[in-house]
Amino acid sequence: MTSSDLKGRTAIITGGSRGIGLAVGERLAAAGANVVVTSRKQDSADAAAKQIGSGAIGVAAHAVDEDAAKHCVDLTLERFGGIDILVNNAGTNPAYGPLIDQDHARFAKTFDVNLWAPLLWTSLAAKAWMREHGGAVVNTASIGGMHQAPNMGMYNATKAALIHVTKQLALELSPRVRVNAVAPGVVRTKLAEALWKDHEDLVAGGTALGRIGEPDDVAAAVAFLVSDESSWITGETLVLDGGRLLGDPAGFR
């Protein structure tokens, strides 16, 4: 057994039916974990669980639906006997555009899904299992939470808040529960299509490592953060952006 072996551990991944969440599910299952993935629709959750394999199960649960979240936690405990890992991956961005052009409905939806949902699920998992038995939580933040960008102000504000909340939770739930975050740059997902689909070469060219990210890049980092290999890491946000935050590499070549 290696320190990255997750055999006997159970993970819940919100927003796990595609993109980063699905890649995380596949990675954790490959390491031996029992995996529960959520999606808004049962058929999407079931399809993801089938793709993950290894006895994974899918649960229909909108990230901000407290009753659905409680059901998922209870079902996980009933089926697998514990919750060792929580990946708060569900996210949304209906508020594309300048901040002053947003309305309260888009503000509320963005903050509910991107900030309240991670708090809700962490609270439920901690009270049901982790606070007594230990565990690891990983929040999917974004490098947008670390800088300003055109038309992304609302989304980035939620991710900046999530980075702060990650640190707060790491202290509140210590020493039994570790809480960390990943901050991806531009990754090949449906949610991020507007950032790369029609100009991938341009984005890749402005990135030190010369490409946009893949869901598997993020999944590898999440697998590390929930494993014993990171047992002395908590409250941190791991940037995964191919060097995007470093700036344009053109003048250095």
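Starting from 1, each residue takes its place in the sequence as its number. Only this structure's heavy atoms are used, side chains among them; waters, hydrogens and symmetry mates stay out.
A donor-acceptor pair is defined here as one N or O able to donate and one able to accept, closer than 3.5 Å; no such pair exists between the side chain of Arg178 and the backbone of Trp232. In this structure, Thr38 contributes its side chain and Gly15 its backbone to a donor-acceptor pair below 3.5 Å. Listed for the Thr207 side chain is a donor-acceptor partner under 3.5 Å among the backbone atoms of Val203. Of the possible polar contacts, none joining the Lys159 side chain to the Met146 backbone as a donor-acceptor pair under 3.5 Å is found.
For Arg40, the side-chain contact (heavy atoms from CB on, under 4.5 Å) test picks out His62, Lys109, with sequence neighbours left out. For the ring pair (Phe, Tyr, Trp, His ring centres under 6.0 Å) test, no residue two or more places apart in sequence or in another chain qualifies with Phe224. His147 is linked by a ring pair (Phe, Tyr, Trp, His ring centres under 6.0 Å) to nothing, counting only residues two or more places apart in sequence or in another chain.
Side-chain heavy atoms closer than 4.5 Å link hydrophobic residues (I, L, V, M, F, W, Y) into clusters, and following such links, possibly through other members, connects Val36 to Met130.
Taking a cutoff of 4.0 Å between a charged side-chain nitrogen and a carboxylate oxygen, Asp43 and Lys50 do not qualify as a salt bridge.
At a threshold of 4.5 Å between non-hydrogen side-chain atoms, the residues Asp67 and His71 do not count as touching. Put simply, the side chain of Ile52 reaches to within 4.5 Å of the side chain of Leu22, judged on heavy atoms. Looking only at side-chain heavy atoms (C-beta outward), Ile57 and Phe80 come within less than 4.5 Å of each other.
In summary, the side chains of Thr14 and Asn89 do not present any donor paired with an acceptor at a separation below 3.5 Å, with no hydrogens or angles considered. For the 3.5 Å distance criterion, the side chains of Ser230 and Asn180 fail to qualify, holding no donor opposite an acceptor.
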What's the verdict on side chain to side chain contact (heavy atoms under 4.5 Å, CB included) for Trp129 and Thr76, showing C-alpha distance, side-chain angles and the deciding distance?
-> CA-CA 11 Å; Trp129 183 264; Thr76 302; over 6 Å; no
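For the residue pair Thr237 and Val182, the shortest heavy atom distance occurs at CG2-C, 4.4 Å.
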